[in-house]
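Structure first, then comments.
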There are 2 protein chains.
Amino acid sequence: MARAVGVTPATVSYALNGLPGVSEELRDQIKAVADEMGFRPSRLAVGLRLGRTNTLGLLLPDVANPFYPELASGVIEGASAEGMQVFVAQVGLDGRDHASAVSALVDSHCEGLLFTAVLPHDIPMLTDLRARGVPFGLINRRIEGLDADWVGIDDFAAARELTSLVLEGRQSVAVFGGPERSSVSAGRAAGARAALAAAGRTPLPDGMVGDLTRESGVERARALFDARGPVDLVVCGNDVIALGVMDVCHERGLAVPDDVAVTGFDDMSFASAGPLRLTTVEVPRHEMGRQAVAGLRRRMLGFTGEPQVVELPYTVRRRNTA
Amino acid sequence: MARAVGVTPATVSYALNGLPGVSEELRDQIKAVADEMGFRPSRLAVGLRLGRTNTLGLLLPDVANPFYPELASGVIEGASAEGMQVFVAQVGLDGRDHASAVSALVDSHCEGLLFTAVLPHDIPMLTDLRARGVPFGLINRRIEGLDADWVGIDDFAAARELTSLVLEGRQSVAVFGGPERSSVSAGRAAGARAALAAAGRTPLPDGMVGDLTRESGVERARALFDARGPVDLVVCGNDVIALGVMDVCHERGLAVPDDVAVTGFDDMSFASAGPLRLTTVEVPRHEMGRQAVAGLRRRMLGFTGEPQVVELPYTVRRRNTA
DNA sequence: CTGAAAGCGCTTACAG
DNA sequence: CTGAAAGCGCTTACAG
């Protein structure tokens, strides 16, 4: 490329990066030739030289839960708008493989990492990351005892609001939460309990903890109905669990919401499919991704202030399942 | 790192890469120190030196359609199993931004690219890519007139099989396909038509082409029912369209499948939600991703044979909507 | 068996 | 205003 114009690589670099020290005429000529040849600087070489790669890493748990792809979409879109590229790595639902995924990402000189499913046992890995000076942010889940940038919603308040809204006239209430150690699931379950407590009630002890899957919803609903017959209301930790609960209602001939009311959480696209129009909380997944990138970007640019906590607005959607 | 052991970087490189020319004793010592210090070679430097980055790029259209995340999951999993990392880039539904996404990926020295939503107008971009020696593969959609590695299913046969299966007793049949230029949508629509033709029938001309979205399903169903009243069967280009059609059936008090039968395509997880149990075709999305990586990997390793076409098995799932 | 040197493709002080 | 040189962190022929 340099040879084509008859100058040194240095001059090309100056010209293309708009630095002073090269005449306008020559600059234009170099730019023209670069365009013509389709010359583009190697990001590898630039990264190595500058120590800045414009790359970030995103860690996602498995994709059976459509929550994550939409979050990822926000991250990729936000990154792309800033000229950054995104390595996406996949980790187990329980955060298995976090460590190896992280080291692969760090080896590739990601300038920042975004985590979407942290659990308490990830603390050593994260403090190690911090010690190595790699900025990171948490999306959705957070960890008690680890101050870090975080983007999410107030799951407690949202669950309390949703539950209060549908509680009227419902006596026996089950809360089908998610994994015990997930801050998000814990917040949602606590919010539901708080709403019940405000009405002077306590939830049934059945099925409070479990996976955020449809199968888990099915299993827990079967066990619950076997043990207690149809209950009045099942508050679910996410829409997917709610789907499983409604599968069981259907299988046992129970009408939703007349016999059993059901609420979800997240407002996935399928939550309002056909006759099934789930009462749930809309979580701004895409925006969470964008905001997380914005925060990480600031860190990458050297911001060293206090951990930033971004709590986004949610929307309770009352439809026809509760 | 080299200094810590008191040898040159060269010796460290030899030791860590298991090359001959360094005593076992020294090798062990170097490995021990490397582990202790958490030393990991910079992928940037290795990439620059070797011209091999162990990185691939995946281009996805927007994620509203849950088809793609599961495909992406297969790609990421397959790549990870081979020690490769994946840059994920997002392009518009109609392949807008393909060119700029591709050049960003190429700048980052991706050794191969995987496309999931190519259209005929992408041909120049792809031939240019080939001219530059960057291997690529197509998943799901392909393009007539461009020989390239491809992984997918036989959409024509699957749609024909599905349609024949549910055709009995259904007189007026609409086919709600996807975008005209998508090979996948075209194949599915043609398969449905072939099944109809075999029964001596032709589809209604309404709504044959449209987006693969729920909104499009809603709009087309409304227009169809307005024009012709309830039809006997609507064959949809994917599950999401089918969802929209069933929304309209519900809104107009039409029973599925008694008044209107509906079929989908893809078998997304929500396709069998509660009372809604869509008759559809299961597409092995995850496996498509894995196979595409395997094929691309061979190319990256220098395989230059004929374009490889991998047609994966599908499964027709007859449930209760048709 | 080990060390010194060149080079991957850039950028950036530093001389001219 | 332009060119020669060093260096980012590695790997790999090439001498010793």
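So you know, we letter chains A, B, ... as the sequences are listed, proteins then strands, and number each from 1. FYI, side chains are in, hydrogens and waters are out, and symmetry mates aren't considered; it's all heavy atoms of this structure.
Rounded to whole angstrom, the span from the CG atom of N17(A) across to the P atom of dA13(C) amounts to 13 Å. Rounded to whole angstrom, the span from the CG atom of L19(A) across to the P atom of dT2(D) amounts to 14 Å. Rounded to an integer number of Å, the gap from Y14(A) OH to dC1(D) P is 14 Å.
Dashed line: the shortest gap from a side-chain N or O of T8(B) to OP1 or OP2 of dT2(C) is not under 4.0 Å.
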Study note, to complete from the structure: Parsed dot-bracket for DNA chain C after applying the Watson-Crick and G-U rules with both distances under 3.5 Å and | for other-strand partners is |||.||||||||.|||
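Looking at heavy-atom distances under 4.0 Å, S23(B) makes contact with sugar-phosphate atoms alone, never a base.
Remark: the S80(A) side chain and the Q90(B) side chain contain no N/O donor-acceptor pair separated by less than 3.5 Å. Checked by atom type, the side-chain pair Q85(B)/T55(B) shows no donor-acceptor distance below 3.5 Å.
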Output side-chain donor-acceptor pairs under 3.5 Å for residues 28-40 of chain A, partner residues at least two apart or in another chain, one line each.
| from | atom 1 | to | atom 2 | distance (Å) |
| --- | --- | --- | --- | --- |
| R40(A) | NH1 | S103(B) | OG | 3.2 |
| R40(A) | NH1 | D107(B) | OD2 | 2.5 |

Without placing hydrogens or testing angles, list every side-chain donor-acceptor pair under 3.5 Å for residues 133-145 of chain A, not counting sequence neighbours.
| from | atom 1 | to | atom 2 | distance (Å) |
| --- | --- | --- | --- | --- |
| R141(A) | NE | S182(A) | OG | 3.2 |

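Looking only at side-chain heavy atoms (C-beta outward), T116(B) and L59(B) stay at 4.5 Å or farther from each other. V12(A) places none of its side-chain heavy atoms less than 4.5 Å from the side chain of T8(A).
For the segment residues 29-56 of chain B, residues with any heavy atom less than 4.0 angstrom from an atom of DNA chain D are, sorted by number, F39(B), R40(B), P41(B), S42(B), A45(B), V46(B), R49(B), L50(B).
Not counting sequence neighbours, the partners of S42(B) by the side-chain contact (heavy atoms from CB on, under 4.5 Å) test are H109(A), L44(B), A45(B). In terms of the ring-ring contact (aromatic ring centres under 6.0 Å, His included) criterion, residue partners of F87(B) (sequence neighbours excluded) are, by chain and number, F87(A).
The residue among H109(B) and E24(B) whose nearest nucleotide of DNA chain C lies closer to the 5′ end is E24(B).
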